[in-house]
There are 2 protein chains.
Amino acid sequence: MPKISSSKTSPLSVHSASANEPPFEQPCPIRDVLNRIGDQWSLLVLETLYPEKKRFNELMREIGDISKQMLSRTLKKLEQDGFITREVYPEIPPRVEYELTPLGHSFLKPMRTLVGWADDHHRDIVNARQRYQPAERQWQQPK
Amino acid sequence: MPKISSSKTSPLSVHSASANEPPFEQPCPIRDVLNRIGDQWSLLVLETLYPEKKRFNELMREIGDISKQMLSRTLKKLEQDGFITREVYPEIPPRVEYELTPLGHSFLKPMRTLVGWADDHHRDIVNARQRYQPAERQWQQPK
DNA sequence: CGGAATCCCTCCCGATACTG
DNA sequence: CAGTATCGGGAGGGATTCCG
């Protein structure tokens, strides 16, 4: 079983390295991956990019409630990590297309396993939350 | 295919509701789930809890670099969502045991699919990052 | 059209101290 | 032992503006 924990003493903090010091070896693969796709938008962008390449504004429209900034940031991160490619066409007006790489495609499978689970069990989770009582913790709500 | 996007106009923000207004229906299951397990510690705690129940300080020791506060918070969230149970033994000194629920166990499978993928492809990602050049973005680094 | 720069604000999370 | 209260820094992310 692959490890999730950090290696020994090293903190797991995946501080994105400064510009001139690229992130080299991460102590833990899964943490590293999660810190990329665990954000608000990455999964959604990857899914939207399937199956065919799309342009920036296409993605904006299809996703609907993402800001330009976040779409831009997300795309750049995904490109950096090799999940997607970015192709610029020297036209007026400019056109930029994003497309899944083989790595990106291969990621869709485990991702969908997780998405499927989430979909199947979301009701259970919501129900659990509603049933949840702060329990026998005997302190009072502060104020 | 289960949807990832938000439903229509509703923002995806999964603002944890205020204390007296529990989070009812989330617009998107996968987002909801990701916002729980996408944090720094949840996956690690779940994995550490497998296969047998463990006590608070056991978890502290095994994980190693988690603070008491974050362990406490993480456990509470996982308990709320029905991934784990919390059992308090009225002893001196106190003893509290955490254990995976069936829901928690069932989550381990898709989770490991993802972990496995991360493990298999982490090298590719690291390599992609190293190869990455800011590319043909034609503006100059601001200072 | 496809971004980048800036502002700002909200969580996340660590460190510490205190409690039953 | 098993937490909670509190403080505070920093990352995440929305809105807007500017620029090629």
Side-chain angles (χ1 to χ4, degrees), chain A residues 6 11-19 23 31 34-42 44-45 54-61 63-79 86-98 134-143, chain B residues 6 11-19 31 34-42 44-45 54-61 63-77 79 86-98 134-143:
Chain A
S6 68
L12 311 190
S13 55
V14 186
H15 299 121
S16 55
S18 58
R31 298 299 207 76
L34 266 182
N35 274 312
R36 291 304 172 122
I37 58 87
D39 65 35
Q40 199 84 171
W41 300 112
S42 292
L44 188 49
V45 168
K54 300 226 170 86
R55 301 179 56 175
F56 189 89
N57 270 13
E58 272 187 280
L59 292 169
M60 284 282 291
R61 277 193 307 275
I63 295 177
D65 55 346
I66 189 173
S67 66
K68 298 169 68 160
Q69 191 193 50
M70 286 317 298
L71 180 55
S72 181
R73 284 189 193 177
T74 304
L75 288 169
K76 192 185 294 188
K77 287 205 314 179
L78 292 175
E79 185 197 359
R86 175 181 186 268
E87 183 148 16
V88 184
Y89 296 85
E91 305 173 356
I92 302 293
R95 178 164 60 105
V96 182
E97 290 183 342
Y98 295 90
E136 64 282 11
R137 287 177 173 86
Q138 56 279 53
W139 46 273
Q140 300 299 317
Q141 281 288 346
K143 192 167 30 58
Chain B
S6 69
L12 311 189
S13 55
V14 186
H15 299 124
S16 55
S18 59
R31 300 298 206 78
L34 265 182
N35 273 312
R36 292 303 171 124
I37 56 88
D39 66 34
Q40 198 82 168
W41 300 112
S42 292
L44 188 48
V45 168
K54 299 226 171 87
R55 302 178 56 174
F56 190 88
N57 269 15
E58 272 187 280
L59 292 169
M60 283 282 290
R61 278 194 305 275
I63 296 177
D65 56 345
I66 189 175
S67 68
K68 297 170 70 160
Q69 193 193 52
M70 286 317 297
L71 180 56
S72 180
R73 284 187 191 177
T74 303
L75 288 168
K76 193 184 292 185
K77 286 204 320 179
E79 184 197 359
R86 175 181 186 268
E87 183 148 16
V88 184
Y89 297 85
E91 306 173 355
I92 303 292
R95 179 163 58 106
V96 182
E97 289 183 344
Y98 295 90
E136 64 284 10
R137 287 176 174 86
Q138 57 280 54
W139 45 272
Q140 299 302 316
Q141 282 288 346
K143 193 169 29 49

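Proteins come first, then strands; the chains are lettered A, B, ... in the order of their sequence lines, and each starts at number 1. As the structure is a prediction and not an experimental result, all values here were calculated from the model.
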Does any non-hydrogen side-chain atom of Leu71(B) lie less than 4.5 Å from one of Phe56(B)?
-> yes
Please round to the nearest 0.5 Å and tell me the distance separating atom CG of Asn35(A) and atom CG of Asp39(B).
-> 10.0 Å
For DNA chain C, the dot-bracket notation using Watson-Crick and G-U wobble pairs below 3.5 Å, [ ] for pseudoknot-type crossings and | for other-strand pairs, is .|||||||||||||||||||
Integer-rounded Å distance: dA4(C) C1' and Arg73(A) CZ | 10 Å
Which pair of non-hydrogen atoms, one from Lys68(A) and one from Met60(A), has the smallest distance, and what is that distance?
-> CG-CE, 3.6 Å
Candidates dG2(C), dC13(C), dT4(D) - which lies nearest the side chain of Pro94(A) = dG2(C)
Rounded distance in Å - CG (Leu59(B)) to P (dC1(D)) | 14 Å
Tell me whether the OP1 or OP2 atom of dG3(C) has a side-chain N or O from Lys76(A) closer than 4.0 Å.
-> no
In whole Å, what is the span from the CZ atom of Arg36(A) to the P atom of dG13(D)?
-> 12 Å
With sequence neighbours left out, the residues meeting side chain to side chain donor-acceptor pair (under 3.5 Å) with Arg95(A) are Glu91(A), Glu97(A)
CA sep, side-chain torsions, deciding dist, call: Arg36(B), Lys77(B), side-chain contact (heavy atoms from CB on, under 4.5 Å) | CA-CA 8 Å; Arg36(B) 292 303 171 124; Lys77(B) 286 204 320 179; 4.0 Å; yes
Find out whether the Lys NZ or Arg CZ of Arg73(B) is both under 6.0 angstrom from the six-membered ring centre of Trp41(B) and within 45° of the ring's axis.
-> no
Heavy-atom side-chain contact between Arg86(B) and Lys76(B) under 4.5 Å = no
Among the nucleotides dG13(D), dG3(C), dC1(C), whichever has the atom closest to the side chain of Met70(A) is dG13(D)
Ile66(B) CD1 to dT16(C) P: how many Å, rounded?
-> 16 Å
Euclidean distance, atom CG of residue Leu34(A) to atom C1' of dG12(D) [Å, nearest integer] | 16 Å
Considering only dG2(C), dA4(C), dC1(C), which nucleotide approaches the side chain of Val96(A) most closely?
-> dG2(C)
Starting at CG of Leu59(A), measure out to CG of Leu75(A) and round the result to the nearest 0.5 Å.
-> 6.0 Å
Between P of dC13(C) and CD1 of Ile63(B), the distance in whole Å | 13 Å
Leu78(A) vs Ser42(A) side-chain heavy atoms within contact, under 4.5 Å = yes
Does Arg86(A) put a side-chain nitrogen or oxygen below 4.0 Å from OP1 or OP2 of dG3(C)?
-> yes
Filtered N/O pairs between nucleotides 16-19 of chain D and protein, under 3.5 Å:
none

Choosing from dG14(C), dG2(C), dA2(D), which nucleotide comes nearest the side chain of Trp41(B)?
-> dG14(C)
To the nearest angstrom, how far is Leu71(B) atom CG from dT4(D) atom C1'?
-> 13 Å
Measure from CD1 on Ile92(A) to P on dG2(C) and round the result to the nearest Å.
-> 12 Å
